[in-house]
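Throughout, a chain's letter reflects where its sequence line sits, starting with A, and its residues are numbered from 1. Any value given below was found using the heavy atoms of this structure, including those in side chains, with hydrogens, waters and symmetry copies removed.
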Protein chains: 2
Amino acid sequence: MDELDSALLRLLQQDGRRTNRDLAQELRIAPSTCLERVRSLRERGVLLGFHADVDLPSMGRGLQAMIAVRVRPPTRAVIEQFQAFVARMPEVISVFVLTGTDDFLLHVAVRDTDHLHSVVLDKLTERKELADVRTSVVYDHLRKTVIDPV
Amino acid sequence: MDELDSALLRLLQQDGRRTNRDLAQELRIAPSTCLERVRSLRERGVLLGFHADVDLPSMGRGLQAMIAVRVRPPTRAVIEQFQAFVARMPEVISVFVLTGTDDFLLHVAVRDTDHLHSVVLDKLTERKELADVRTSVVYDHLRKTVIDPV
DNA sequence: CACAATGGCCGAATATAATTCGATGGAGCG
DNA sequence: CGCTCCATCGAATTATATTCGGCCATTGTG
């Protein structure tokens with residue numbers, strides 16, 4: 001994990017489709033070296049993968065919300081069961097399993113407020129283990145690249 | 001936005017580095033057609049970009065937390081100023097701007113609990129506009145692909 | 001200090017993929 | 001029924017990824 005690795009991770013987080021040649025040129029190394037570095041980062045598990053980022057409104061999911069959920073009882077079995085359940089919901093795009101007051105934070109992307117309402121009332125509150133739900137609409141979501149402190 | 005576009009978005013969300021030939025073969029279309037489809041999705045703004053996914057523990061950021069923040073007064077000026085501030089913090093990897101009780105949800109990745117403590121006490125609570133903070137440690141974070149209902 | 005071993009890097013050669021573009025044919029329309 | 005339009009196609013071209021043998025520089029060793 002030297003400066004070269006950090007630089008590669010930074011560039012690939014910004015644009016996961018930059019060509020190997022292009023990366024090599026920017027970092028002033030040979031393409032073969034660059035390729036080997038990226039392969040090594042993958043093999044070491046530092047670089048987990050590459051993903052396309054889609055525009056939610058274009059997919060008919062113009063409304064995002066965060067749903068804080070508390071389950072009861074907060075046992076391993078109940079938590080794992082609930083996690084498996086929400087992971088199957090198409091409206092859920094990300095699940096945070098938490099300590100603290102809430103057990104889960106669900107990041108959902110839905111069509112509109114009716115859809116959001118239906119997700120909370122028809123899908124979530126139907127679950128017997130669900131103890132508490134608080135929904136917040138997301139106005140804006142800013143994602144950043146992770147920078148290596150090295 | 002037909003089934004072909006949806007399939008492409010699904011595949012590219014799963015693996016943003018699949019080759020065009022590979023995608024074309026799976027979808028039973030010509031590579032040139034596949035390329036044109038992807039180009040169109042980009043031009044229409046449906047496909048926003050491609051990003052590498054890094055392993056946070058490998059980057060010395062093995063601890064994640066969600067920090068709920070309320071600012072005072074909750075005016076546009078204060079909110080925008082605070083958003084700009086947290087966007088600059090290297091520990092913050094994602095910022096949600098919310099309605100409801102909390103104004104912000106900060107997804108942070110830090111070295112350890114000392115680091116987390118220092119982020120909250122030394123960086124956040126130093127801000128005069130900050131009215132309330134609640135920190136929850138993230139045990140697990142599951143990301144999903146967005147599936148087009150079409 | 002001399003020397004061998006190691007590992008990262010390089011560049012040329014090869015394999016593979018992206019990209020272009022003219023041709024084709026089916027869908028929609030007059 | 002014939003015309004136009006446009007998505008799709010495949011071949012040709014261009015660009016890129018990948019391999020691999022050799023070359024330092026660094027490190028460890030007698």
Within this structure, what is the OG-CZ distance for the pair Ser118(B) and Arg111(B), rounded to the nearest 0.5 Å?
8.0 Å

Note, Leu106(B) side chain near Leu124(B) side chain (heavy atom, < 4.5 Å)
yes

Return the value, rounded to whole Å, for the distance between atom CZ of Arg17(B) and atom P of dT16(C).
18 Å

Salt-bridge criterion met for Asp102(B) and Arg134(A) (N-O under 4.0 Å):
no

Pick from His141(A), His107(A), Lys144(A): which one makes a side-chain hydrogen bond (donor to acceptor under 3.5 Å, both in side chains) with Ser94(B)?
His141(A)

Can you tell if the side chain of Arg143(A) reaches within under 4.5 Å of the side chain of His51(B), non-hydrogen atoms only?
no

Rounded to the nearest 0.5 angstrom, the CG-OG1 distance for Leu4(B) and Thr33(B) is 8.5 Å

Residues, nucleotides or ligands: over 12 heavy atoms within 6.0 Å of Arg72(B) CZ
no

For DNA chain D, the residues among residues 18-30 of chain A that have a non-hydrogen atom under 4.0 Å from it
Thr19(A), Asn20(A), Arg21(A)

Atom-to-atom span, CD of Glu3(A) to P of dG8(C) - whole angstrom
15 Å

Please list, pair by pair, any protein nitrogen or oxygen found under 3.5 Å from a nitrogen or oxygen in nucleotides 20-26 of chain C.
| from | atom 1 | to | atom 2 | distance (Å) |
| --- | --- | --- | --- | --- |
| dT20(C) | OP2 | Arg39(B) | NH1 | 2.9 |

Within the 4.5 Å heavy-atom criterion, are Arg39(A) and Glu36(A) side-chain neighbours or not?
yes

Indicate, with a heavy-atom threshold strictly under 4.0 Å, whether Arg37(A) touches base, sugar-phosphate, or nothing.
sugar-phosphate

